[in-house]
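Side-chain atoms are counted along with the backbone in the values below, which use heavy atoms only and exclude waters and symmetry mates. Start at 1 and go down the list; that is how both ligands and their atoms are numbered. These numbers were taken from a predicted model, which means no experiment stands behind them.
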Amino acid sequence: MSKLFTPVAAGALSLGHRVVMAPLTRMRSGPGDRPNALMRDYYAQRASRGGLIISEATPISRQGYGYAGAPGIYDDAQVLGWRAITDAVHERGGQIVMQLWHVGRQSHPDIQPNGEAPVAPSAIAAEGYGYAAYGPVPFTMPRALERAEIPAIIAEFGAGAARARAAGFDGVEIHGANGYLPDQFLQDGTNKRTDDYGGPIQNRARFLLEVTQAAIVAFGTDRVGVRLSPSGTYGSMSDSDPQATFGYVAAKLDELGIAYLHVVEPRIKGTELIAASEPIAVRHLRALFHGTIIAAGGFDRAGAEAVLESGDADAVAFGRAFIANPDLPERLRLGLPLTSYDRATFYGGDARGYTDYPFHAHAA
Ligand SMILES: Cc1cc2nc3c(=O)[nH]c(=O)nc-3n(C[C@H](O)[C@H](O)[C@H](O)COP(=O)(O)O)c2cc1C
């Protein structure tokens, strides 16, 4: 019996099936970082009855940007653009949560307001590339945040959650994964602070937990999820004791009673499969987090069924397969072949490689 096509709850969200669309940055927003009609069509294509979509990562401020063309949630015009998208998803019987984003050090002065240095817990640079409007740019040395600046950033996450609610989203997901700002606070390779946001894990987790609380105030505990990538190395991340670090966070989020915990398996680095292994991160965190767990990273249908069967996860998020298969849930349900994705059109561009992937003739 397939478990993928049975219902499950995630806080206040009622999922009719367990094939979740993973957050996917596609960099096709309009002027003013506003979601446009092309984005509406893309999300509408991927909506399914009872399905859950997690939006592409959405910056909560201009400072939160590392990728030009990402849609924002820091002003009211953006709220209107998103409203068209949530309406289209709801019309098709789907649900959608917004992933709230601040990239921290994964940026460049040409992407930052007033050409300033990106910010981070500590002045340590990441390797890799962001995207300015004119093309890829290497990450630069960040400036360490002053203690006094931190509350305003937490408040921006709260304001982003409130705007997401006004835009008709069913909830928000805090992007605590993949080496972005909350993750930079969490892991001791990137956080060398000596104030109450650095040092022991109780302090390093403070930023993520306060951001989560700010979203809860705006949206309610049962409509806030958190994404983590334990042992993830994307964005030059490292921690001296990932089991303890992520175990502590999972236990704290369990106490809060959030809608779901979304876990990226370390076999994925960013967008690449780096190791064939069993899902180990969900196995570890399942012992500490008793709510709904969404697993992500390198799953196919058989792997998804297996992780659900083991009880380590309650739903599975698919990324790359959802890019190329707008009707992915139906294809998996009916065992239909999948279209392969074109990496060249992942980030930025137009409808090509975005809304022109075909639906299967036999999918409903
Ligand atoms: C084009 C692309 C964009 C992505 N953007 C995001 C993002 O905005 N937020 C995020 O948390 N993960 C992002 N990811 C990671 C995916 O959510 C997912 O964890 C990863 O693709 C592994 O899952 P998969 O093997 O099913 O593709 C992105 C991945 C790809 C391929």
Given [options], which has its nearest heavy atom closest to [atom]?
atom: atom 6 (C) of ligand 1; options: Ala304, Pro23, Ala22, Ala295; value: Pro23
atom: atom 9 (N) of ligand 1; options: His262, Glu265, Glu173, Gln99; value: Gln99
atom: atom 15 (C) of ligand 1; options: Met21, Arg320, Arg227; value: Arg227

Residue [X] vicinity, atoms of ligand 1 by number, heavy atom under 4.0 Å:
X: Phe346; result: 1 (C), 31 (C)
X: His175; result: 9 (N), 10 (C), 11 (O)
X: Asn178; result: 10 (C), 11 (O), 12 (N)
X: Phe318; result: 26 (O)

**OP:** Please work out whether the ring planes of Tyr67 and Trp101 are parallel, tilted or perpendicular, with thresholds of 30° and 60°.
**Re:** parallel

**OP:** Only one of Glu173, Arg227, Glu56 passes side-chain hydrogen bond (donor to acceptor under 3.5 Å, both in side chains) with Gln99; say which it is.
**Re:** Glu173

Original post:
Under the side chain to side chain contact (heavy atoms under 4.5 Å, CB included) criterion, do Tyr260 and Val20 qualify, and how do the steps go?
Top reply: CA-CA 12 Å; Tyr260 66 84; Val20 174; over 6 Å; no

If you measure from each heavy atom of [X] to ligand 1, is any distance below 4.0 Å?
X: Gly298; answer: yes
X: Tyr347; answer: yes
X: Gly297; answer: yes

**OP:** Could you give me the CA-CA distance, side-chain angles and deciding distance for Tyr341 and Phe346, then say whether ring-ring contact (aromatic ring centres under 6.0 Å, His included) is met?
**Re:** CA-CA 9 Å; Tyr341 52 80; Phe346 275 0; 5.5 Å; yes

**OP:** Could you list the residues that satisfy salt bridge (charged side-chain N to carboxylate O under 4.0 Å, His left out) with Glu305, not counting sequence neighbours?
**Re:** Arg301

Subject >> Met237 and Thr190, any side-chain heavy atoms less than 4.5 Å apart >> reply: yes

Please confirm whether [X] comes within less than 3.5 Å of ligand 1 when only nitrogen or oxygen atoms on both sides are compared.
X: Gly319; result: yes
X: Arg26; result: no
X: Ala57; result: yes

**OP:** Kindly work out whether a path of hydrophobic side-chain contacts (I/L/V/M/F/W/Y, heavy atoms less than 4.5 Å apart) joins Val226 to Met98.
**Re:** yes

Subject >> Asp239/Arg204 salt bridge by N-O under 4.0 Å criterion >> reply: yes

Original post:
Does CZ belonging to Arg147 count more than 12 external heavy atoms closer than 6.0 Å?
Top reply: yes

